[in-house]
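Below, read A as the first sequence line, B as the second, and so on, with proteins coming before strands; counting in each chain starts at 1.
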There are 2 protein chains.
Amino acid sequence: MAIDHLDGRIIVLLAEEPRIGVLEMSRRLGVARGTVQARLDRLQSNGVIRGFGPQVDPAALGYPVTAFATLQIRQGQGADVRAYLTTVPEVLELLTTTGSGDMLCRLVARSNADLQRVIDRVVGFDGIVRASTAIVMENPVPLRVIPLVEQAARDREET
Amino acid sequence: MAIDHLDGRIIVLLAEEPRIGVLEMSRRLGVARGTVQARLDRLQSNGVIRGFGPQVDPAALGYPVTAFATLQIRQGQGADVRAYLTTVPEVLELLTTTGSGDMLCRLVARSNADLQRVIDRVVGFDGIVRASTAIVMENPVPLRVIPLVEQAARDREET
DNA sequence: CGTACCACCAAACAGATTGCCCAGTGGATC
DNA sequence: GATCCACTGGGCAATCTGTTTGGTGGTACG
């Protein structure tokens, strides 16, 4: 759960050059291969590293438009809405937030015009009272974790 | 840019068992190893697969609280705000959305109490006019792309 | 003070995988 | 008919993986 400095370096290295392999990592970090291997195993069983799945870019897939929809859910319909939205491929993420039955929904679409179709499909579901959508224009900071990892490693050291 | 059915299966397989290797994939998919290799190269140079970085779980790192902050930016301060927020490790993502100088900001914190510190640090920056924060309670659909990939592959086939 | 435990290093092994090259085949294009 | 392209199936040396072994140092604890 607490991240070591070496753990941090391992994660950063892995983020920079994912195909690197344990052996090469041990060389670059100046530690024994077994150590890296053990650390990696620990990080994975700890759940710190969830996996190494491919990072797919929706834009390159033909879905360059991203939007966030804030949904207001009718009382007691939360589970239904969740189940429904799970079946919509264009729904990339769904979160419930503080506030009266609110959900936040990350969408993608093939175009601005297509976004209309997606939104209709999403908010057309009975159980959604109201929805407001914001289109994403730019993404100055794409989803990242490295700075957080480094911070966590630093915290650990400074103790 | 357009995704083949085989491409789709490759991505899905890779998402399910990331450590699988090209050879094993070719066996499971019933195609030659060179084919899988060529497809993978193409997918990567196309940008469809951005990489294979480790998926780090902020919660396991000690940051179990997630929140979204909607920021209203003072005219012309957008660049400054971006630059500043980039330096805050707890800012995992930053997006500019439609609306008058609005940004959406994904945050994590060590606790609800700690969230206050993070928010102060974020909105304390000059150039941010107003901010409203929503704490994430549940994550019924964690960030996913597979259904979209399958959809894209299906679209391609049905043509 | 001695023991036990733990993380790490260094080395070794067989087995598997990778990157790369080649020749042949079938379909589509012009 | 000639050409291009993607795929197959095979083969090669080099490398990496998973795993085990023995040895070292530090720390916690009775």
Side-chain angles (χ1 to χ4, degrees), chain A residues 1-57 60-62 149-150 152-159, chain B residues 1-57 60-62 149-150 152-159:
Chain A
M1 190 116 178
I3 287 302
D4 196 327
H5 180 57
L6 180 56
D7 291 326
R9 286 170 69 202
I10 290 178
I11 295 179
V12 171
L13 197 51
L14 222 37
E16 286 168 352
E17 301 177 55
R19 292 262 102 145
I20 198 177
V22 181
L23 187 57
E24 179 62 18
M25 288 183 76
S26 71
R27 278 195 283 257
R28 302 222 195 157
L29 296 175
V31 295
R33 178 164 71 110
T35 305
V36 176
Q37 219 141 19
R39 295 297 189 112
L40 262 182
D41 289 347
R42 192 169 57 84
L43 286 172
Q44 292 205 57
S45 53
N46 273 349
V48 174
I49 297 182
R50 235 180 298 173
F52 296 88
Q55 298 164 333
V56 177
D57 182 6
L61 255 177
V149 169
E150 288 170 338
R154 218 169 300 128
D155 285 356
R156 176 63 159 57
E157 296 304 301
E158 287 167 4
T159 307
Chain B
M1 190 118 178
I3 287 303
D4 196 327
H5 181 56
L6 181 55
D7 292 325
R9 286 170 69 204
I10 290 178
I11 295 179
V12 172
L13 198 50
L14 223 36
E16 286 168 351
E17 302 177 53
R19 292 257 98 139
I20 196 176
V22 181
L23 186 58
E24 179 63 20
M25 289 183 74
S26 71
R27 279 194 282 255
R28 302 221 193 157
L29 297 174
V31 296
R33 177 165 71 111
T35 306
V36 176
Q37 218 140 22
R39 295 296 190 114
L40 262 183
D41 289 347
R42 194 170 56 83
L43 286 173
Q44 292 205 56
S45 53
N46 274 349
V48 174
I49 296 183
R50 234 179 300 173
F52 296 88
Q55 297 163 334
V56 176
D57 181 7
L61 255 178
V149 169
E150 287 168 339
R154 217 171 300 127
D155 287 354
R156 177 62 160 56
E157 295 304 300
E158 285 166 4
T159 307

Go nucleotide by nucleotide along DNA chain C from the 5' end; which of A:Arg19 and A:Arg33 gets its closest nucleotide reached first? A:Arg33
Does B:Gln37 place a side-chain N or O at less than 4.0 Å from the phosphate oxygens OP1/OP2 of C:dG19? yes
On DNA chain C, more 5' by nearest nucleotide between A:Leu6 and B:Leu23 is A:Leu6
Measure CG/A:Leu29 against P/C:dA10 and give the value in whole Å, please. 14 Å
Could you tell me how far apart B:Glu17 (CD) and C:dT17 (P) are, to the nearest whole angstrom? 13 Å
Spacing of B:Asp41 atom CG relative to D:dC5 atom C1', expressed in whole Å: 16 Å
Check the pair B:Arg28 / B:Glu17 against salt bridge (Lys or Arg N to Asp or Glu O under 4.0 Å), numbers first and verdict last. CA-CA 12 Å; B:Arg28 302 221 193 157; B:Glu17 302 177 53; 2.7 Å; yes
Taking only the side-chain heavy atoms of B:Ala32 (C-beta and beyond), determine which of C:dC9, D:dG9, C:dA7 contains the nearest atom. D:dG9
So, the side chain of B:Thr35 versus the backbone of B:Val31: is there a donor-acceptor pair under 3.5 Å, distance only? no
Name the closest nucleotide to the A:Arg27 side chain, picking from D:dG9, C:dC9, D:dC16. D:dC16
In whole Å, I'd like the distance from the CD atom of A:Gln44 to the C1' atom of D:dG18. 14 Å
Rounded distance in Å - CG (A:Asp4) to C1' (C:dA7): 11 Å
Please classify the nucleic acid contact of A:Arg42 as base, sugar-phosphate, or nothing, using heavy-atom distances under 4.0 Å. nothing
Would B:Asp7 and B:Arg156 pass as an ion pair if we require N to O under 4.0 Å? no
Roughly, in whole Å, what's the span from NE2 in B:His5 to C1' in D:dA6? 17 Å
In this structure, how many angstroms lie between the P atom of C:dT18 and the CD1 atom of B:Ile20, rounded? 10 Å
For the pair B:Asp4 and B:Arg39, find out whether any cationic side-chain nitrogen is under 4.0 Å from an anionic carboxylate oxygen. yes
Sub-3.5 Å donor-acceptor pair from the side chain of B:Asn46 to the main-chain atoms of B:Val48, do we have one? no
Grab the CG-C1' distance between A:Leu40 and D:dT17 for me, whole Å please. 13 Å
